[in-house]
Every structure is written in C-alpha cells, then in structure tokens.
Amino acid sequence: MIWQISKEFDFCYGHRVWSQQLDSEFSLTGCLACRHLHGHQGKVIVYLQSSQLKDGMVTDFHHLNWFKQFLDTTLDHKFIIDIHDPLFETLLPHFADKAHLIENEAGYKIPDLNRVKDEPSHILEMYDGYIIVDFVPTSENISTWLLEIIAKKMSRLGVEVSHVEFLETPKSRSIVYNKQ
Ligand SMILES: Nc1nc2c(c(=O)[nH]1)N=C([C@H](O)[C@H](O)COP(=O)(O)OP(=O)(O)OP(=O)(O)O)CN2
C-alpha cells in the first residue's frame, strides 16, 4: 500500500510573465495581459507519500509548519521577479547592476537594503517587497521551485514528496511530480 497526505498553503504575491506569447487563433486575443505587473492569491498543495506508516502517519502534518513559515516570511505580499526580466533595471534602478543582491540558499535573492538605507522609507519599502529568482515566475516554474525546496527539507526526515500543485488562480493550476 501507498499512503499519501496533503496540506494546503496560501500566500499573496505579485509577478509578471515577461515571456508570455500567445497564438491568437487559440487565445482569441493577442493581449499579453500576463506581462502586466499583477498579483494573485496563490495556493500551494503539498503531497507527501510513504509505503509505510510511522506512528500511524506518513508524517505529522505539523512537520510542514516550517514551509508555512517560509511562505509567510519569504513570499507573502512580495513581488517575484526574474533576474533576466527586461524590466529589471526599470523596476529596481538602484540594483540595475545586479551586484548588490543577497543570495539565499533557497534559490532566491533579495536587494541589500544597506545600499538604499539613506533613501526615503517608501524606497526601502519598495525594495523590501522584491524576491528575485532565476526563472520566469510562471505557475509551472514556481511549483518546481517550491517542490525542490520542500523535497530537500523533507528528505532530512526521510519523507518523500510525491508532487506539488500550485494554483495561480482558483481555476488555473500546475502540477509538478517529483523525479524518483
Ligand atoms: N501555462 C501557463 N499559462 C499561463 C500562466 C502560467 O503561469 N502558466 N500565467 C498566466 C497569468 O499569470 C494569469 O494571471 C493566470 O491565468 P488565467 O488563465 O488568465 O487565470 P484566470 O483564472 O483568471 O482565468 P480566466 O479564463 O481569465 O477566468 C496566464 N497563462
């Protein structure tokens, strides 16, 4: 037998899909709306699985509390921007050289606020709101990134991540399966 458990998490974020291309025969419009700066109430559903139970569980649901904290502190109310976005220099002019970014082991960078410490507070607040990644923040890429983070952490408990679903809107989702 194989057991699977899942847990849902929500967070608000902004992004833009600068790489969007549409075939208007199918999309019925050529409007590249996802290139606009816009936001979502995202939902992540994490699926963990095991062929044996420990204490009657795949693992305790509470063993995902760290992930909720990660989402709340790292992504909630942030704007996720690709470092290769052609608008990067426009949206982060103080960091146009991309040299003063603080790298995190979870695969993202944030602006070094020391560089703008003498600027007015609204400028600091703006930069505090960016999460810089090395991919176009599509639903597929965000779910892949989150899967990698969860799988790495949960492997320390010997818990297997089966797949991750990411709902960019209540109707549009991507699912990424873990390679075994
Ligand atoms: N395969 C993907 N397609 C699209 C993505 C994506 O990440 N992967 N992203 C977008 C946009 O960011 C958009 O905000 C979300 O998609 P959309 O289908 O427009 O969402 P709705 O639920 O609002 O759908 P409606 O048909 O407009 O009701 C676009 N494509």
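Numbering of ligands and ligand atoms starts at 1, following listing order. Because the structure is a prediction, the values reported are computed rather than measured.
- Remark: atom 22 (O) of ligand 1 lies closer than 4.0 Å to at least one protein heavy atom.
- Protein heavy atom nearest atom 7 (O) of ligand 1, with residue, atom name and distance: Ser139 N, 2.7 Å.
- The aromatic ring centres of Tyr47 and His163 sit less than 6.0 Å apart.
- The single protein non-hydrogen atom nearest to atom 25 (P) of ligand 1 is Lys171 NZ, 3.9 Å, given as residue, atom name and distance.
- Atom 27 (O) of ligand 1 is not flagged as protein-proximal [any protein heavy atom, distance under 4.0 Å].
- Using a 4.0 angstrom heavy-atom cutoff, His38 counts as in contact with ligand 1.
- Between the side chain of Trp145 and the backbone N or O of Ala106 there is at least one donor-acceptor pair closer than 3.5 Å.
- Asp97 CG to Leu92 CG: the interatomic distance, rounded to the nearest 0.5 Å, is 11.0 Å.
- Ranking protein heavy atoms by distance to atom 17 (P) of ligand 1, first place goes to Ser172 OG, 3.7 Å.
- Note on ring orientation: taking the six-membered ring where Trp is involved, the planes of Tyr13 and His15 are perpendicular (angle over 60°, cut-offs 30° and 60°).
- Among Ser174, Ser27, Cys34, the residue whose heavy atom lies closest to atom 11 (C) of ligand 1 is Cys34.
- Remark: side-chain polar atoms of Tyr108 are not paired, donor with acceptor, to backbone N or O of Thr74 under 3.5 angstrom.
- Considering backbone and side-chain atoms together, His40 places an N or O closer than 3.5 Å to an N or O of ligand 1.
- Gln20 places a side-chain N or O within donor-acceptor distance of the main-chain N or O of Cys34, the cut-off being under 3.5 Å.
- Proximity of Thr169 to ligand 1, defined as any heavy-atom pair under 4.0 Å, is confined to the side chain (atoms from C-beta onward).
- Every atom of ligand 1 is numbered from 1 in the order shown, and the set under 4.0 Å from a heavy atom of Thr138 is 7 (O).
- A heavy-atom distance below 4.5 Å is not found between the side chains of Thr144 and Phe135.
- In terms of protein heavy-atom proximity, atom 8 (N) of ligand 1 is closest to Glu140 OE1, 2.8 Å.
- Under a 3.5 Å cut-off, the side chain of Asp112 and the backbone N or O of Leu101 do not form any donor-acceptor pair.
- Summarising the contacts of atom 15 (C) of ligand 1 with Arg16, Glu168, His15, the nearest heavy atom is found in Glu168.
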